[in-house]
Amino acid sequence: MSVPRLQFEGISKVFPAVRALSDVSFSVGAGEIHGLLGENGAGKSTLLRILSGIYRPTAGSVLIDGKPVALNNPVAARAAGVAMIHQELQQVPQLSVAQNMFLGHPLTRGGIFVARREQERRAAEALAALDPTIDPAVPLGSLKVAQRQIVEIARALLDRARIVAMDEPTSSLTPSEFERLAEVISALARDGVAVVYVSHKLDEVFGICQRATIMRDGVVVGSVDLAQVSEKSVVSMMVGRELAQEQHRSHASSEVRLSVHGLASATKVREVSFDLHRGEVLGIAGLVGSGRTELLRLLAGADRASSGRVEIDGKATKLSSPRDAIAAGIGLVPEERKREGIVPLRSISSNMALASMGVFAPRGVIDHARLKRIAAEKMKRVNLRPFLLDRPIRLFSGGNQQKAIIGRWLAAGTRILLFDEPTRGIDVGAKAEIYHLIEELAAEGHSVVVVSSELPEVIRLADRVLVMRDGTVAAELDRADLSEQAIAAHAIPQSETQGRQGHRAGA
Amino acid sequence: MTDVAEHSAARPRAEFLHRFSLRDAGTLIGLIVILAVFGALVPGFFAERNLINILQQSSINACLALGMTLVIISGGIDLSVGPTAALSAVISASMLVAGVPFPLAIAAGFAIGLVCGLLNGMLVAYVGLQPFIVTLGTLSTYRALALIYTGGNPVLGLPAGFRAIFNGSLFGLPLAVIIVAVVALIAWIILKKTPFGEYLLAVGGNEEAAHIAGVPIARTKIAAYMISGLLAALAAQILIGRLGAAEPILGNLWELDAIAAAAIGGASLMGGKGSVVGTILGAVILGTMRNGLTLMNVQSFYQLLATGLIILAAMLIDRVTRGRG
Amino acid sequence: MTDVAEHSAARPRAEFLHRFSLRDAGTLIGLIVILAVFGALVPGFFAERNLINILQQSSINACLALGMTLVIISGGIDLSVGPTAALSAVISASMLVAGVPFPLAIAAGFAIGLVCGLLNGMLVAYVGLQPFIVTLGTLSTYRALALIYTGGNPVLGLPAGFRAIFNGSLFGLPLAVIIVAVVALIAWIILKKTPFGEYLLAVGGNEEAAHIAGVPIARTKIAAYMISGLLAALAAQILIGRLGAAEPILGNLWELDAIAAAAIGGASLMGGKGSVVGTILGAVILGTMRNGLTLMNVQSFYQLLATGLIILAAMLIDRVTRGRG
Amino acid sequence: SSELAPLNSDTEKDRIDWSQLEAKFGAFPKLPDGTRAGAVSKTLTNEYWRSLGEGYKSFGDRVGVPVVYQAAQSEGDQLGQLTIAEGLATQGYNVLLVSPQTDSNLQPIMEQAKAANVPVVNVNDAVIPQAEHYVGNVQRDNGVRVAKWFIKNRPDGGKVAIVEGQAGVYAAVQRTDGFKTTITEAGKFEVVASVPGNWDRQTSYDAATNILQQHPDLIGFYANNDGMALGIVEAVKAAGLQDKVAVFGTDGISDAYASIRAGELTGTVDSFPVLTGEVALESALRLVAGQKLPRVVATPQALITKDNADRYSGAGDAVRKALLEDAAAGN
Ligand SMILES: Nc1ncnc2c1ncn2[C@@H]1O[C@H](COP(=O)(O)OP(=O)(O)OP(=O)(O)O)[C@@H](O)[C@H]1O
Ligand SMILES: Nc1ncnc2c1ncn2[C@@H]1O[C@H](COP(=O)(O)OP(=O)(O)OP(=O)(O)O)[C@@H](O)[C@H]1O
Ligand SMILES: [Mg+2]
Ligand SMILES: [Mg+2]
């Protein structure tokens with residue numbers, strides 16, 4: 001066999017108090033698409049950050065085409081032929097799409113001026129295969145998250161790199177966008193590029209990768225040929241135990257807790273009406289941009305509605321600020337955790353307590369003993385790991401950050417929980433925990449709304465699904481009628497389906 | 001980059017507490033070094049009397065710097081503290097001279113401070129203007145109002161009774177020092193023990209997340225500026241008590257000293273970070289330096305040089321103590 | 001919160017250009033309003049001579065504000081521009097008086113500016129200190145060096161030939177104005193057309209992303225401070241050419257005017273945002289205001305009031321022009 | 001004009017005392033119709049400069065000349081003051097009176113005005129080297145007079161301290177130097193501290209407190225202005241040393257007089273800003289009328305203590321008379 005394109009040899013990485021990687025070795029051949037799997041915190045991103053020159057390994061070396069390379073900084077890694085798509089979007093919103101794609105190595109005229117047109121032309125070329133509607137000249141900040149992720153992918157394609165590392169490139173993409181990405185990745189592989197592909201979506205990995213390496217707690221558990229193994233065995237390698245395949249159980253009662261009538265915003269949401277029952281999990285599906293996030297923000301008081309009416313337990317309720325919503329028992333677990341969810345420098349306890357200060361400071365001074373007790377209780381409930389309540393939240397994995405945010409609403413006594421993409425970037429283990437948590441909450445009588453772009457997730461969780469299209473409810477599907485096809489059929493705008501738009505609940 | 005770097009400095013629980021006190025410890029080490037140097041160079045530097053002097057001379061800056069720290073934590077900055085103090089001072093003073101009872105005159109001064117802060121806060125929180133520019137604008141505006149109100153003249157002849165309030169001593173410590181110590185204690189409690197403190201840290205740390213978590217963003221910011229205004233007014237009362245006169249030009253460049261104290265003490269001008277203990281230490285460092293340089297009879301140009309270098313040195317010591325970022 | 005708002009304001013391509021010029025248009029409207037008001041109140045305000053005066057009087061602040069804009073875009077701030085200018089001025093001047101050829105003396109002055117900027121930049125970029133505090137420290141340090149170097153005395157008797165360089169006119173415009181216009185053009189090209197301009201925006205907009213993309217963070221920041229130092233030195237040369245003398249206390253409070261001009265022109269002190277055109281307009285607004293108020297013979301306390309109010313008004317107009325954020 | 005030697009107002013030989021103006025140049029001349037004067041001073045935040053303006057105005061009223069009086073927004077606002085001065089220069093005044101922030105910041109005005117044939121009078125404090133006309137007092141003499149008081153009234157000598165104004169400002173440098181040199185030459189005195197007070201009351205208070213603590217046997221302070229001196233007085237009182245430590249200021253603002261009468265401030269060197277303003281405008285208008293005055297017109301100064309405070313604080317004319325007597329007596 002020829003020399004592998006990329007080889008990790010005995011890589012270890014020790015952060016001041018965390019051993020993120022121990023003796024990681026595996027290799028990826030030219031033209032191979034190699035999956036890298038593992039739970040949150042397994043060390044996947046750390047490994048790729050070493051590959052792209054952001055971290056230096058404590059021990060071990062990276063070999064490219066059999067030769068050890070010094071990847072001392074991102075520039076050196078680029079020079080060595082490595083391109084990387086980062087898990088956290090690494091972009092400058094003020095610059096244009098093309099400028100972002102060429103950031104750090106702009107095309108110039110005479111070495112002095114940025115060749116803007118040329119950059120935009122090349123950027124458009126790279127984008128064409130993924131999403132031709134993205135204009136390379138607009139400021140990146142004006143794009144939606146999904147489009148930004150596509151830009152991030154296209155940027156890696158520009159480099160004509162020999163190794164492309166993708167760290168959860170599809171966390172905000174829809175299945176159809178994934179299809180296009182899969183084609184692009186196959187084309188790269190055909191050209192002899194080695195691709196390392198990290199994703200928590202196992203179907204994707206099984207769909208495009210030939211082999212996969214599975215990591216747990218910073219060590220390689222094994223490398224497998226994906227044609228030879230089942231999804232289930234991979235999952236058990238990842239989590240180190242069997243994950244019970246849980247069945248959906250409905251806890252919905254007939255008691256209407258939240259009733260929305262003709263809710264609309266100035267921008268995206270038009271005339272949304274529905275009822276939410278006690279103990280019910282209501283799924284909201286729809287294409288990116290169909291207005292789901294904005295609907296949840298309206299309900300959470302984060303944005304103001306331009307018209308419409310909301311009743312909670314039959315009483316008209318004003319939701320003009322998050323405080324109103326919280327007082328009414330509504331809490332939002334937002335889509336962009338880092339930007340809208342956490343206060344990074346503060347501890348888990350502080351982040352948890354933020355929405356219910358009144359509870360912890362009945363006489364104006366925080367009762368720290370009580371805060372500690374309740375934090376311990378809620379965090380145990382959501383199974384925070386590691387169980388360090390005073391540690392700044394930014395040092396936790398995404399899944400555990402998400403658990404802390406859920407704990408925030410439990411502590412606030414929230415009865416209506418709104419989840420926006422609750423498992424984005426979260427591994428199978430933590431995902432199962434969050435699903436389980438959502439079901440428990442419903443069983444206890446909480447009402448839950450789950451917005452998700454992952455149809456299996458919606459189908460797994462929801463008692464009932466609203467399909468949104470163009471800012472309004474295009475269809476309501478009962479559990480019995482749920483299927484990916486049914487949802488997709490209503491989500492995609494079709495001129496002939498327009499007549500069916502009036503289908504609404506609670507009208 | 002910073003972000004990445006800071007991650008690597010973080011550790012599990014025991015180290016977490018450690019880390020926090022570490023930052024303040026860095027400032028403390030800076031102070032101890034400076035004290036040691038002056039102690040070695042200036043005979044009688046450690047005399048009780050002189051140490052009390054240092055505290056007294058640091059007290060006004062410390063008072064302002066505490067308010068500044070809260071504003072900085074909330075992600076803002078308040079350049080208008082000096083003029084706010086001046087406005088408060090001349091109004092209290094002219095009421096006192098006109099024979100208004102002390103409590104009323106003092107309350108009026110405090111009210112002025114609160115109103116100045118309220119205006120800053122509203123422009124920042126409701127109108128959404130940049131704090132630096134808002135308070136740069138009100139810096140001129142409040143100063144102009146103080147000058148116009150007095151015609152540029154100092155207000156003299158404050159009643160002895162009023163002056164006694166702020167000039168007294170208790171347990172051998174000047175009352176001004178005790179007042180500021182109490183203020184520091186309150187600020188510490190606010191920051192560590194009250195919802196408002198959490199809100200400040202959250203608003204400065206991630207405004208959008210705080211908003212969704214139901215934190216009253218605007219009220220929190222406004223309150224920070226109002227506290228800063230109130231403490232500027234308190235500093236003004238202490239000062240006019242000490243000097244016996246209120247000048248409309250009082251408080252010139254106070255903002256820079258207050259910001260320096262907060263920053264030396266570990267406040268980050270990006271918001272979300274700051275320490276009451278650190279700020280107090282920062283103010284004492286600056287006060288010690290002025291005191292020591294005067295006692296050494298350092299010529300004015302060299303005093304200026306030392307001021308600059310010590311600010312830089314304090315930041316460097318801090319950096320080293322915390323490890324390379 | 002702000003962030004979200006700005007996203008929603010952004011649209012496809014045509015509007016992109018539009019959006020940018022909109023911000024500058026807001027500043028321009030501010031300027032036009034101020035011009036109209038003074039034009040109506042002051043006879044002869046629009047006399048060519050007076051308009052040239054305004055430009056000339058704005059030129060030094062504009063020069064500094066351009067450097068400040070680049071630093072602010074990179075996410076920093078430079079409070080030390082005044083003392084940097086003073087140090088550069090006294091060193092150039094003393095060389096000139098000692099008979100050193102003009103180009104050499106001027107080059108020395110520029111070199112001083114670059115070195116001052118280099119030091120600021122290195123403390124910010126390599127040591128990782130907060131820009132506000134670094135330049136607050138060097139503000140005192142550089143000023144002290146200028147005072148020590150000259151013993152506090154002005155350097156008098158600059159050769160007429162040197163003064164002629166900066167005092168001439170071209171096409172009826174003072175050379176100083178033309179020099180600053182050229183500097184502005186270069187700054188505009190740098191910001192809009194060169195990789196360095198992109199780097200500045202990237203470093204100020206998202207430092208970590210810039211780092212990962214391979215942008216040389218440290219070099220970019222240092223270059224911004226060096227440009228700021230260089231432009232302070234240029235302003236110093238223009239000024240001493242005009243005054244015929246260099247004083248160690250020259251440049252007092254320049255930083256506040258420069259920051260105000262940049263902010264009025266749309267620079268965000270959070271970094272990643274700023275406009276050369278806006279900054280120039282901002283400097284002219286401040287210059288116009290001073291000129292107009294003087295011609296109206298407004299008393300200085302009220303001038304101060306007007307300065308404060310106009311900074312606030314400019315920001316408010318800007319806010320309204322761009323829509324509520 | 002570049003041939004003109006750089007002016008040193010304290011030592012210039014081509015000078016005349018204000019009391020001699022009428023004697024040497026006759027009664028006030030008739031002015032061209034519509035004569036207007038423009039004046040720009042440092043700042044109005046200091047009583048000294050406001051009083052100077054009153055002097056301009058009172059003399060202007062007396063001879064029917066309107067005077068526009070402007071000032072920079074704060075002390076040290078060099079370019080702002082230049083802007084104001086340039087504004088005035090373009091407005092066609094017949095004469096300009098300027099009190100510059102620094103020795104050079106108003107230099108361009110000299111040139112503009114010369115081109116327009118408008119005389120410029122540099123009034124007090126900072127000295128423009130190219131100035132053709134200067135009206136003001138001898139800065140150094142402020143310090144000298146206080147030093148002389150100590151030499152005469154504290155024959156045993158002792159420790160003294162100086163609190164200086166803003167570093168690098170002409171008036172501060174000269175006053176400090178005058179005091180220090182004179183008192184040191186007397187032999188028995190030791191200047192134990194000379195520290196910056198930045199024209200600021202609070203800074204001076206703190207500095208004085210520190211100095212007193214280190215030198216409780218200090219016998220006196222000299223401050224470069226009255227605001228600082230009043231801050232020092234409070235520090236001395238707080239230290240309980242008011243009977244032992246003499247405190248002197250400079251300028252003679254009304255608060256200083258009040259404090260002297262109350263027995264707190266020992267004294268100040270009054271440079272009579274109102275009268276200075278009157279003399280300055282008179283000199284300026286004599287220039288407009290075509291008279292050739294000497295380059296420097298010296299204005300009066302007097303050391304004010306409790307004993308003589310009343311003599312110098314009456315109505316304008318009474319003070320003028322007292323000072324003319326002094327001048328005749330050669331003080
Ligand atoms: N800069 C850092 N400082 C300290 N610990 C870190 C740092 N970066 C990562 N870690 C820790 O290293 C471990 C591995 O993290 P890494 O981000 O590589 O996991 P991952 O497999 O990519 O997880 P995810 O699926 O959530 O992206 C985690 O325990 C994490 O907390
Ligand atoms: N108030 C807002 N201001 C600016 N952008 C917003 C706002 N609300 C939502 N967005 C952004 O607009 C995009 C579309 O959100 P929207 O709610 O309209 O659709 P969605 O169906 O939730 O799509 P997605 O799957 O991207 O969340 C998202 O990227 C979201 O971040
Ligand atoms: Mg990861
Ligand atoms: Mg969404």
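In what follows, chains are A, B, ... by sequence order, proteins preceding strands, each numbered from 1.
The backbone N or O of B:Ala224 lies less than 3.5 Å from no partner atom in the side chain of B:Ser228, so there is not a single donor-acceptor pair. Under a 3.5 Å cut-off, the side chain of C:Tyr142 and the backbone N or O of C:Cys116 do form a donor-acceptor pair. Formation of a donor-acceptor pair under 3.5 Å by the B:Gln130 side chain with backbone atoms of C:Met315 is not found in this model. Without hydrogens or angle criteria, C:Thr69 side chain to C:Ala65 main chain gives a donor-acceptor distance under 3.5 Å.
For B:Ile264, no part lies under 4.5 angstrom from a heavy atom of chain C. With a 4.5 angstrom heavy-atom cutoff, C:Ile310 does not touch chain B via any of its atoms. Both the backbone and the side chain of B:Ser268 come within less than 4.5 Å of a heavy atom in chain C. Within the 4.5 angstrom heavy-atom criterion, atoms from both the backbone and the side chain of B:Ile259 approach chain C. Heavy atoms closer than 4.5 Å to chain C are found nowhere in B:Ile212, neither backbone nor side chain. For B:Ala267, the part lying near chain C is the backbone, with the side chain staying farther off; criterion is any non-hydrogen pair under 4.5 Å.
The local environment of OH in C:Tyr149 is crowded, with over 12 non-hydrogen atoms from other residues, nucleotides or ligands closer than 6.0 Å.
Side-chain contact between C:Val71 and C:Tyr225 is present, with at least one heavy-atom pair separated by less than 4.5 Å. Put simply, the side chain of B:Ile249 reaches to within 4.5 Å of the side chain of B:Leu147, judged on heavy atoms.
For the set C:Ile311, C:Leu79, C:Ile133, the entry with the most heavy-atom pairs within less than 4.5 Å of chain B is C:Ile133. Counting heavy-atom pairs closer than 4.5 Å to chain B, the top-ranked of the candidates C:Leu145, C:Leu256, C:Thr307, C:Thr138 is C:Leu256. Per-residue heavy-atom pair counts under 4.5 Å with chain C were compared for B:Leu309, B:Leu123, B:Leu305, and the maximum is reached by B:Leu305.
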